[in-house]
2 protein chains.
Amino acid sequence: MVGARIKVKRGSALFATGDRFKSLYVVRTGFLKTETTLEDGRRWVRGFQMAGEMLGLDAIANEAHTCDAIAMEDSDVCVMPYDLLESTSRRVVALQRHLHRAMSREILREGSLMQQTGMPAQERLAAFLLNLSERLHARGFSRSELVLRMSREEIGSAVGLKLETVSRMFSKFAADGIVTIQQRHVNILDMAALREIANAKLRSCTH
Amino acid sequence: MVGARIKVKRGSALFATGDRFKSLYVVRTGFLKTETTLEDGRRWVRGFQMAGEMLGLDAIANEAHTCDAIAMEDSDVCVMPYDLLESTSRRVVALQRHLHRAMSREILREGSLMQQTGMPAQERLAAFLLNLSERLHARGFSRSELVLRMSREEIGSAVGLKLETVSRMFSKFAADGIVTIQQRHVNILDMAALREIANAKLRSCTH
DNA sequence: CGACGTTTTGATTCCAATCAATGGGTGTGG
DNA sequence: CCACACCCATTGATTGGAATCAAAACGTCG
């Protein structure tokens with residue numbers, strides 16, 4: 001049930017904002033980001049996608065892509081023509097289920113990001129690191145040692161902070177002995193502490 | 001293709017967080033809000049739903065609702081059993097399309113809310129008012145005269161601000177002659193100005 | 001009328017953005 | 001191989017906008 005596979009070179013786009021919607025995509029190998037250009041020309045990172053994750057779901061509504069999907073490293077992507085998905089999912093219940101869940105999960109993903117609005121910077125970054133850690137772990141990598149494929153600016157853009165703030169918070173985590181950071185190599189030393197920071201609301205209430 | 005219709009009394013819940021997912025819902029008449037309880041016990045409004053809008057899409061992924069849907073006024077809601085939707089949409093292409101689009105639109109909705117993260121308070125509120133205005137207009141109501149069915153606190157919660165800030169910004173809009181406000185009755189006097197505020201990024205670049 | 005919930009307004013605080021400068025890494029060409 | 005340039009990251013100083021704290025005005029309903 002898999003369509004063609006295509007390679008996307010680092011820095012080039014799998015699809016761009018405004019492209020007519022024809023297919024959904026699943027990352028096979030590599031690492032992508034999705035981003036949009038705001039009215040003022042600044043770019044806003046909507047998410048990062050790694051192996052097994054789907055792209056393009058937002059394009060169904062208007063039959064046009066609403067963001068650019070850009071490879072952050074040479075990537076291998078599976079193309080699934082949407083009309084084929086439509087017709088096949090009419091016959092194969094499992095596929096229908098899978099598709100609906102993928103969409104629903106995307107709604108949840110955006111929602112949980114939304115939730116961070118209004119949270120302090122350190123909580124957002126803790127959550128960002130934990131999320132990355134989990135996703136990498138689910139793919140067989142170390143839970144504690146991660147290599148960030150994106151710049152501080154891109155992280156900030158994704159979680160709603162400025163790059164300086166990202167840098168400061170990373171430094172703070174390092175000073176507190178929660179992580180070690182060398183450039184883009186992050187080592188999580190104290191997972192529990194990170195989790196506590198990410199859910200700090202709890203304590204502020206227990207007070 | 002419509003299931004049963006049920007009435008939800010003002011203040012009571014159509015569904016609650018954790019409820020097993022069985023159906024999607026479409027508002028017939030009335031006005032609902034969806035909200036979740038954060039770990040610290042505070043409540044966070046995820047959105048407001050009016051006639052024609054769908055609820056429950058976020059529950060598909062985990063077969064459980066992730067928010068409470070509460071009627072803000074006596075409402076009339078159409079219940080669509082999900083397994084029936086599934087099987088019917090396998091036969092009726094139009095329904096399948098409709099469902100997919102509804103999900104995709106929900107993804108877009110969350111995304112456009114996300115976009116407001118980092119915007120100044122007045123831009124968010126301008127956007128909020130415009131959004132409400134559009135949706136009411138699409139349902140045959142006046143574009144400029146609206147009655148807010150929710151409190152300042154709920155508005156703030158939905159757009160990521162504190163109630164005092166919401167109140168201040170409303171006062172500011174009124175002082176600038178953009179709107180008149182008496183309690184929850186809002187009259188938009190200068191739609192163009194409101195739109196400019198909502199897209200202020202443009203000007204800050206043109207500078 | 002009186003009590004409660006909501007809204008407005010004011011004073012102050014605090015966090016992240018901004019402005020600004022320095023340091024570190026990487027890659028290229030002399 | 002080193003020097004230079006460029007990009008990215010860190011750190012410091014200052015500013016600004018929303019949150020917070022606090023109090024008063026308004027509305028609604030029993």
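Values below: every heavy atom of this structure, side chains too, minus hydrogens, waters and symmetry copies. Chain letters run A, B, ... following the sequence lines, proteins first, then strands; residues in each count from 1. None of these values were measured; they are calculated from a predicted model.
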Axis-to-axis angle for the helix from C:dC1-D:dG30 to C:dG30-D:dC1, ends of five pairs each, to 10°, equals 30°
Roughly how many Å is it from [atom1] in [X] to [atom2] in [N], rounded to a whole number?
| X | N | atom1 | atom2 | result |
| --- | --- | --- | --- | --- |
| A:Arg152 | D:dT11 | CZ | P | 10 Å |
| A:Met169 | D:dT11 | CE | P | 12 Å |
| A:Gln182 | D:dT10 | CD | P | 11 Å |
| A:Leu148 | D:dA9 | CG | C1' | 13 Å |

Listed once per pair and sorted, the salt bridge (charged side-chain N to carboxylate O under 4.0 Å, His left out) pairs that draw on [range], sequence neighbours left out:
| range | result |
| --- | --- |
| residues 15-29 of chain A | none |
| residues 173-188 of chain B | B:Lys172-B:Asp176 |
| residues 2-13 of chain B | B:Arg5-B:Asp76, B:Lys7-B:Asp76, B:Lys9-B:Asp74 |
| residues 51-64 of chain A | A:Glu53-A:Arg135, A:Glu53-A:Arg139, A:Glu63-B:Arg101 |

What residues, two or more places apart in sequence or in another chain, satisfy ring pair (Phe, Tyr, Trp, His ring centres under 6.0 Å) together with B:Phe21?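 Once residues adjacent in sequence are excluded, the partners of B:Phe21 under the ring pair (Phe, Tyr, Trp, His ring centres under 6.0 Å) criterion are B:His65, B:Tyr82.
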Residue B:Glu153 excluded, over 12 heavy atoms near CD under 6.0 Å: no
With a non-hydrogen cut-off below 4.0 angstrom, is B:Arg124 in contact with a base, only sugar-phosphate, or nothing?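 Touches nothing.
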Does B:Ser167 reach a base, just sugar-phosphate, or nothing at all? Heavy atoms under 4.0 Å.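 Result for B:Ser167 = base.
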Partner of A:Asp68 under side-chain hydrogen bond (donor to acceptor under 3.5 Å, both in side chains), chosen from A:Lys33, A:Arg43, A:Arg46: A:Arg43
Under 3.5 Å, which donor-acceptor pairs link side chains of residues 157-169 of chain B to any protein atom two or more places apart or in another chain?
unit_1: B:Ser157; atom_1: OG; unit_2: B:Val45; atom_2: N; d: 2.8

Taking only residues two or more places apart in sequence or in another chain, which ones pass side chain to side chain contact (heavy atoms under 4.5 Å, CB included) with A:His185?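 Result, side chain to side chain contact (heavy atoms under 4.5 Å, CB included) vs A:His185: A:Val147, A:Gln183.
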Is B:Ser104 reaching over with its side chain to a backbone N or O of A:Leu57, donor-acceptor style, under 3.5 angstrom? yes
Is there a donor-acceptor pair under 3.5 Å between the side chain of B:Ser89 and the backbone N or O of B:Leu85?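 Such a contact is found between B:Ser89 side chain and B:Leu85 backbone.
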Terminal contacting nucleotides, 5' and 3', DNA chain C versus chain A (heavy atom, 4.0 Å):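 Using the under 4.0 Å cut-off, the span is C:dA16 to C:dC19.
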Pull out every protein N or O sitting under 3.5 Å from an N or O of nucleotides 21-29 of chain D, one pair per line with the distance.
unit_1: D:dC21; atom_1: N4; unit_2: B:Glu164; atom_2: OE2; d: 3.3

Does A:Phe170 reach the side chain of A:Leu148, with side-chain heavy atoms less than 4.5 Å apart? yes
For DNA chain D, the residues among residues 153-163 of chain B that have a non-hydrogen atom under 4.0 Å from it: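 Correct list: B:Gly160, B:Leu161, B:Lys162.
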Could you pull out all residues at least two apart from A:Glu73 that satisfy side-chain hydrogen bond (donor to acceptor under 3.5 Å, both in side chains)?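 Partners of A:Glu73 under the side-chain hydrogen bond (donor to acceptor under 3.5 Å, both in side chains) test: A:Arg149.
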